[in-house]
Every structure is written in C-alpha cells, then in structure tokens.
Amino acid sequence: MIDKNRMYENLKRLVSVPSISGTPDEEAGAEKIQELLMEIPYFQKHPDQVMLLPIEGDPFDRKLITAFLEAPEKTKDTVILTGHYDVVDVEEFGSLKDIAFNVDEITDRIKELPLSDEVLNDYMSGNYLFGRGVLDMKYGHVASLELLHHYSETQSLKGNLLYVGVCGEETNSEGMLAAVKFFNSFRKEKNLNYRLMLLMEGYLVDGQEAGVRYIQYGNAGKIMPMFFCIGKTTHGEEPLLGLDANSLSSEVYRLMHTNPLFCQNNHGITTSPPCGLKLQDMKENYSLSTTLYAASYYNIATIKLDPEDLMNKLKGIANEAFDNVIEIIKKNVDGFTKLAGRVPDYYMPEPEVQTFAEFYEDIENDFDGDLATVVKEKLAEFMSVNPEMQDSCVQLVKYLAGISKDKTPRIIISIIPPYYPDVNLNMEDPDTVKMMENMQDIIKYAADNYGETLKTSEYYGISDMSYTWLADGLDFDALFENLIGVGSIYQFPGEDLKEFKVPGMVLGCAGKDMHKYTERLEKHYNFDVLPNLYIRAIENIIG
C-alpha cells in the first residue's frame with residue numbers, strides 16, 4: 001500500500017541533504033538514499049541487494065546507489081527505476097538560501113522573496129511544496145522508494161524492480177555514464193531482461209496545455225563539435241606573410257552560429273539552430289606576432305542525428321571557412337598592390353581540414369613513445385589547473401599541435417564532452433510496442449479513475465535517458481573516435497551503449513520552475529494520483 005505520509009517525510013529528509021552537483025556534498029545524496037532503503041524491511045533482510053558503487057576516477061568520490069527487488073518467483077523480466085540525486089545550487093534563493101533545503105520552512109517563508117502572480121497563487125492554494133530539489137528530482141527517488149516498499153510488502157509482481165540513483169546529471173551525466181556499464185554487467189550476472197525504464201523526472205513540455213499532464217518517450221540529444229584552427233605566425237608588421245588563426249576561427253564561427261543547416265526535423269518537431277558557446281585564441285601574452293592557435297565550440301541540439309552526415313557538414317563548414325579566408329587574402333593582396341604599385345610578399349595557404357582522429361594518427365605515427373599514456377597524463381594535468389573538461393580538450397589539441405612535426409595551417413574537427421545521443425525508439429521492437437500500449441492504458445486509467453488528462457509527448461529534454469538506446473543502423477564509431485577525453489577525463493561507454501537498449505519513458509511528476517528559487521512540487525497529483533499511475537505502468541509490464 002502506498003503511504004503518502006511516509007513519502008512526504010522521506011521527501012523532507014532527502015531534500016535536506018544539499019547534494020549540489022560538482023561539490024563534495026553531492027555524494028551525501030546517495031548515502032541518504034541508502035539510509036532510506038535500509039529502512040525497508042525487505043532490504044533489512046537482504047542487505048546485499050542494496051549497493052553503493054564508486055564511480056571510477058571520479059574527483060568527488062561519487063557513487064551509484066542501487067537496490068534490487070526480486071520477484072517472488074524467479075524471472076528475467078525487470079523494470080528499471082532511475083533518476084539523479086544531484087541538484088543545482090541555491091544562490092538565487094538570496095536571503096533564504098540557508099533554508100532552501102528545508103521543505104517546511106522554505107514553503108512557509110518563500111513569500112519573503114519576489115513572487116509573480118502565478119507563483120503567489122500557487123503558494124496561496126496550499127497545494128505546493130517549495131524547496132531546492134523537490135521537483136528536480138528528489139520526489140522521483142521518494143516515489144521509487146515507496147514503490148519498492150509497496151511491492152516488497154505485497155509480493156505481487158511477476159517481475160523484478162531495479163532501482164539506480166545516479167549523480168552528475170546537472171553537470172556531465174557522469175553517474176549515468178557509469179550506470180550503463182553497471183546495467184550491462186548486472187543484466188548478465190542476474191540473467192535479466194530489461195523491459196522498461198521509468199525515468200522519474202518531472203515532465204518538461206514547451207507550450208504545455210493547462211490542466212494536461214504528460215508521458216514522454218524518446219529523448220533529445222546534444223553534441224558539441226570543436227574547430228581548432230592552426231595558423232602560421234608572422235611579425236605584426238608583415239601580416240601578409242602569415243595566417244592568423246583568428247581569421248579562420250572567426251570565419252568558422254560566422255558560418256556555424258545559428259546556421260539552420262544543422263537544424264533537424266522529425267515528427268513535426270524542429271530543433272533550434274546551433275549556438276556558439278566559446279570563441280578563443282591561445283595567445284597567452286601580448287607580442288607583436290599573429291595568433292598561431294584559435295578554437296571555437298558549439299552546441300547542436302539533435303533529435304535524429306546521423307553521425308556521418310554531421311561530420312560531412314562540419315567538414316563542409318571548415319572547408320568553406322578556409323576558402324573564404326583565402327579569398328579575403330587575395331582581395332587584400334590585390335588592394336595593397338593597387339595602392340602601393342607593387343605586389344607584396346605574402347603567404348597563401350592551402351586548405352587543409354582534418355578530423356581529430358586523423359590528426360592524432362599522424363602524430364602517433366611520428367611519436368617516439370606511448371602517445372596514449374602521454375595524452376592521459378596531459379589531460380589530468382590540464383584538469384588539475386582548470387577542472388572544466390571543455391577547456392582541457394582545447395588545451396590537449398594545442399599540446400598535440402605543438403608536438404606535431406607537420407606545422408601546416410589547418411582546421412581540426414573534434415567532438416568534446418558531454419555528448420548526449422538522441423533517442424528514437426524502434427517502433428517494431430516488442431518492448432517498445434508494449435510501452436506505447438502501456439502509455440495509452442495509463443491515459444485512459446487516469447481519466448477514468450482520477451479525472452486527469454494525460455497526453456503523450458515525444459522527445460523529453462536533455463537527460464540521462466539519452467544513454468538508453470543508440471539509434472539502430474547508424475555508424476557511431478567515427479563519432480566516438482573523434483570524442484576527446486574518452487577513457488581519461490570523460491568516461492564515455494561507447495561499446496556499452498551499443499549493448500544497452502531499453503525503451504524508456506518519463507511518467508513525470510508535476511511541478512513548476514526547475515532550477516529557480518520558485519521550484520515547487522504539486523501535492524495532490526504527486527501524492528494522491530501519480531503513485532497509482534506508476535503502479536499501473538509497472539504492472540502493465542511485469543504485473
């Protein structure tokens with residue numbers, strides 16, 4: 001039986017742990033969940049079914065927290081319950097940040113901060129709980145705990161429940177990337193068949209209809225290509241004798257930023273155009289020399305990424321940028337010739353574009369030693385100076401360019417972390433078919449029994465569900481080869497991702513304003529209705 005009072009108390013206890021992403025406190029979220037799991041009688045009798053699993057090489061010693069509830073009769077069929085236990089920081093709570101993790105107190109005092117009419121109406125209704133993490137996403141863990149409690153008592157399921165709490169979703173999804181390996185190894189160890197993943201997030205829908213709840217499936221993705229430009233240095237008084245890397249990089253930026261060539265359209269949904277995230281040169285100090293190295297990287301939203309097509313488009317941009325810069329050089333030489341009455345000495349580059357994998361291979365062929373080991377050491381060194389993976393990737397390519405024997409100007413194209421694959425389920429897969437039927441049943445059940453209107457929505461936002469289903473029939477190997485930092489600063493399980501396929505859906509909790517100080521969770525739907533919808537969803541698969 002679902003005990004909503006216990007859910008409420010567990011929510012307060014879990015929210016009270018300030019498990020802010022990328023801080024030493026984040027790990028405490030897993031430890032608190034472990035504590036709550038061990039209050040369930042089943043796990044007191046079977047403590048080995050609850051595990052805290054360290055994430056290899058994690059700078060904050062974070063862990064996965066897992067719990068396995070076996071069916072009374074042995075079976076392979078298993079439903080996964082998952083979500084992240086980290087939260088964003090509380091700086092925007094201002095004068096109330098010290099109580100942002102106290103559900104009762106912040107709910108009582110949130111009116112001391114500026115509130116819109118909508119937030120004030122919600123506050124006055126008494127139907128909302130405020131506090132950092134109540135919606136994103138401590139409620140999801142509390143619901144998972146209650147489902148484990150419920151089914152451990154009823155012993156009614158004909159399948160297993162596997163709960164996995166992960167860290168780092170608000171940063172680079174370090175937890176889910178580690179969890180993919182765990183899911184594969186645990187499946188083999190226990191001889192399981194994963195039938196469904198329930199991601200216990202809140203639902204996110206742009207332009208959602210008033211009074212409508214959502215069930216979402218599929219997942220939007222993101223990829224961050226980087227263009228590293230190598231020029232030819234010259235004295236500032238003779239600029240035509242060199243090639244300023246900034247001229248290449250700025251032209252790439254002009255061609256890439258908001259270019260609709262990279263927008264994708266699927267099922268009537270169109271992604272936003274790419275966004276330039278950083279444009280920088282590597283010149284550290286003032287001197288009267290032109291810039292040798294420059295880099296830029298971009299955010300590209302995806303809903304149906306073809307890796308080969310993407311790389312061809314990126315190469316096209318790089319080649320176009322190079323050609324445009326050459327035309328500018330020619331134009332400027334002609335202009336100087338007309339003005340001065342003589343042809344100046346000048347340098348004319350030949351366009352050269354390489355992928356990171358090609359660039360790395362050329363260096364490795366000439367390198368005296370173990371380049372892979374040196375690269376790992378260098379990345380660790382860069383991270384110790386600036387623990388931002390993206391900057392370390394830029395610094396690595398600069399280092400490799402420095403040791404390369406080929407000093408020809410070029411543009412090197414790579415992918416930098418984090419990478420979130422988009423998820424387009426195979427609608428002929430039997431478990432996916434079953435999930436789609438499940439969603440329609442839940443919609444009818446919610447309407448008939450609770451007067452709730454639910455609808456399905458494709459493509460949940462960027463989330464950990466990105467790592468549940470690589471698109472069938474596409475070649476991701478070339479993309480993975482150009483993803484910098486894999487196996488060192490970025491534990492990206494490329495081969496494991498190919499193996500881990502489970503249809504996933506978000507039967508989301510209801511609330512508003514994730515990541516804002518007005519983050520709030522709706523009480524009636526989430527405590528009186530949603531747990532019963534979760535039961536329906538699970539029992540439709542393994543009931």
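Only this structure's heavy atoms are used, side chains among them; waters, hydrogens and symmetry mates stay out.
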Check: Tyr419 ring centroid to Phe492 ring centroid under 6.0 Å: yes
What orientation do Tyr467 and Tyr420 show, parallel under 30°, tilted 30 to 60°, or perpendicular over 60°? tilted
A quick test of your reading: do over 12 heavy atoms of other residues, nucleotides or ligands sit less than 6.0 Å from CE of Met427? yes
Are the side chains of Val502 and Asp431 in contact, using a 4.5 Å heavy-atom criterion? no
Ring pair (Phe, Tyr, Trp, His ring centres under 6.0 Å), paired with Phe68, selected from Tyr42, Phe186, Phe43: Phe186
Please lay out, stage by stage, how Tyr85 and Ile33 fare under the test side chain to side chain contact (heavy atoms under 4.5 Å, CB included). CA-CA 9 Å; Tyr85 58 76; Ile33 294 172; 3.9 Å; yes
Do Glu112 and Arg109 pass the side chain to side chain contact (heavy atoms under 4.5 Å, CB included) test, and can you show the C-alpha distance, the side-chain angles, and the key distance before you say yes or no? CA-CA 6 Å; Glu112 296 175 20; Arg109 295 180 56 191; 2.9 Å; yes
Can you confirm whether Ile20 sits close enough to Asp86 that some side-chain heavy atom of one is under 4.5 Å from a side-chain heavy atom of the other? no
Do other residues, nucleotides or ligands put more than 12 heavy atoms under 6.0 Å from the CD atom of Glu428? no
Does some side-chain heavy atom of Leu454 sit less than 4.5 Å from a side-chain heavy atom of Leu507? yes
When Arg520 is tested against each of Asn127, Val119, Leu129 for side chain to side chain contact (heavy atoms under 4.5 Å, CB included), which residue passes? Val119
Do Arg132's NZ or CZ and the ring of Phe93 fall within the cation-pi criteria of under 6.0 Å and 45°? no
Return the orientation label for the His141 and Tyr163 ring planes: parallel under 30°, perpendicular over 60°, tilted otherwise. perpendicular
Is there a side-chain contact between Glu73 and Lys158, using heavy atoms and a 4.5 Å cut-off? no
If you draw a 6.0 Å radius around NZ in Lys304, do more than 12 non-hydrogen atoms from other residues or ligands fall strictly inside? no
